Amino acid sequence: MQKIHAAITGVGGYVPDYILTNAELETMMDTSDEWIRTRTGISERRILKGADMGTSEMAVGAIKDLICKTGVDPLSIELVICATTTPDMQFPATANIICDKAGLKNAWGYDVSAACSGFIFALTTGAQFIESGRHKKVLVIGGDKMSSIMNYEDRATSIIFGDGAGCVLLEPDTDGFGVIDAVLKSDGSGRAYLHQKAGGSMRPATVETVMAKEHFVYQEGQTVFKFAVKNMADVAADIMERNQLAADDITWLIPHQANKRIIDATRERMGLNPEKVMVNIEKFGNTTNGTLPLCMWQWEPQLRKGDNIVLAAFGGGFTWGSIYIRWAYDGNRK
Ligand code: UT7
């Protein structure tokens, strides 16, 4: 019997309308467009505005886009996995809220929390349900409203993050297309350098935690940078070696968009030309779980059946990993 792979058969994306430019950040803190662009590669990012708007809002926007392009029946979706660091609520899971809002009435769902590596963890998990034969249609979402946990007085952290969400539909394939391999890693000792101090069970919200600004992202940028450069490049090289992929065999690298310098280091380690690397950090910044599916969404028209695609990510936890995908269809699904 042919092995079942989980093929991506559709992509959807959503970014909010509001554009937060480097020029606007200059009016909010002591920074400059020049510093931000040279140190990170970012010119602008999107921000979700409005009362009671959470990550689910953007995920539903991405799902509607996917449904419109693929024509998939919302009632045929069996499982929804949402990778997010900024859930709508502490509970229930954002996946539950998404299923309700998007009319996915026959699906069950849950969230995956792995910071910036969440989408690759969720994609690997979702693929297992297809490979095992348990489900035929699985939606994997990656999205974050990072502006909800950003301290705009912290110039070293707030300038890199933005809001957005993307999603992919997984279906069985027996012709060798889909998720082929994954290498996933985590090291909890890295939590010291990138975390949200309060709001969890260890340190619940109090007036003091709010006053001390402990509900925002805390990042020791330089340390995270060093780990990100090494580990993202290592794991991408590992997936190439395990699958006997030379640089020429790879059609696209889809890297997590945290800092253009980290992307360049990973690309160089893999021996790839810049033209093979999806980079949209300039426009969207670091949308955490949204970066990888938003790249697929933007580049979908250029993708071809049989393209060899490597995903690589690094994030809080620490978590990191890489996935090898053989793309399953040509161009945009219309
Ligand atoms: O996505 C998941 C994981 N996250 C990452 O991968 C992020 C990894 N880290 C980074 O991308 C970088 O560390 C940052 C972009 C966050 C910061 O860049 P950096 O080059 O590491 O800056 P730094 O924090 O070491 O600061 C260097 C200097 C400092 O000034 P002094 O002490 O040398 O005088 C900072 O005060 O740059 C200053 N600085 C700024 N200046 C203007 C820090 N942020 C800013 C700013 N504008 N926004």
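Counting convention: from 1, in listed order, for ligands and their atoms alike. Nothing here was measured: the structure is a model prediction, and the numbers come from that model. Counting from 1, the numbers follow the sequence of the chain as shown.
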Ligand 1 atoms nearer than 4.0 angstrom to some heavy atom of Q222 are 13 (O), 21 (O), 25 (O)
More than 12 heavy atoms of other groups within 6.0 Å of D73 CG:
yes
Atom 7 (C) of ligand 1: closest protein heavy atom, distance to 0.1 Å, is Q219 OE1, 3.7 Å
Quick check on contacts: which atoms of ligand 1 are under 4.0 angstrom from a heavy atom of R261?
20 (O)
Nearest option to atom 39 (N) of ligand 1, as decided by whichever heavy atom of F161, F227, W35, Y193 sits closest
W35
Can an N or O of L194 be found at a distance shorter than 3.5 Å from an N or O of ligand 1?
no
Between R269 and D234, does any side-chain N to carboxylate O distance fall below 4.0 Å?
yes
For atom 41 (N) of ligand 1, is some protein heavy-atom partner under 4.0 Å away?
yes
Classify the angle between the aromatic ring planes of F318 and Y193 as parallel (below 30°), tilted (30 to 60°) or perpendicular (above 60°).
parallel
Numbered atoms of ligand 1 (with element) below 4.0 Å of I262, judged on heavy atoms
6 (O)
Pull out every atom of ligand 1 sitting under 4.0 Å from any heavy atom of A156, numbered as shown with elements.
16 (C), 43 (C), 44 (N)
To which of G221, G317, C116 does the heavy atom nearest atom 9 (N) of ligand 1 belong?
G221
Take every heavy atom of H256, measure it against each atom of ligand 1, and state whether any distance is under 4.0 Å.
yes
Got a salt bridge between R326 and D307, using NZ or NE/NH1/NH2 to carboxylate O under 4.0 Å?
no
What protein heavy atom sits nearest atom 36 (O) of ligand 1, and how far away is it?
R155 NH2, 2.8 Å
Note: K137-E78 ion pair, threshold 4.0 Å (strictly below)
no
Please report which non-hydrogen protein atom sits nearest to atom 1 (O) of ligand 1, along with the residue it belongs to and the distance in Å to one decimal place.
N286 ND2, 2.7 Å
Identify, by atom number and element, the atoms of ligand 1 in contact range of F314, meaning under 4.0 Å from any of its heavy atoms.
2 (C)
Please list the nearest protein heavy atom to atom 47 (N) of ligand 1 with its residue and the distance rounded to 0.1 Å.
T31 OG1, 2.7 Å
Going by a strict under-4.0 Å cutoff (protein heavy atoms only), does atom 28 (C) of ligand 1 have a neighbour on the protein?
no
Closer than 4.0 angstrom, basic N to acidic O: yes or no for D30 and R155?
yes
Ion pair check, K69 and E300, cut-off under 4.0 Å
yes
Taking 4.0 angstrom as the limit and counting only heavy atoms of T40, give me the atoms of ligand 1 inside it, by number and element.
15 (C)
Under 4.0 Å from a heavy atom of R39: which atoms of ligand 1 are those, numbered in the order shown and with their elements?
20 (O)
Heavy-atom pair with the smallest gap, counting every atom of I250 and K276:
O-NZ, 2.7 Å
Counting from 1 in the order shown, the ligand 1 atoms closer than 4.0 Å to a non-hydrogen atom of A258 are 1 (O), 5 (C), 6 (O)
Got the closest protein heavy atom to atom 11 (O) of ligand 1, with its distance?
N259 ND2, 2.7 Å
How far does CD1 of I130 sit from CD1 of I4, to the nearest 0.5 angstrom?
9.0 Å
Distance, nearest 0.5 Å, that separates CG of L184 from CD1 of I120:
5.5 Å
Are the charged groups of K101 and E57 less than 4.0 angstrom apart, N to O?
yes
Main chain of D33, side chain of E26: is a donor-acceptor contact present, judged purely on distance under 3.5 Å?
yes
Atom 31 (P) of ligand 1 touched by protein (heavy atom, under 4.0 Å)
no
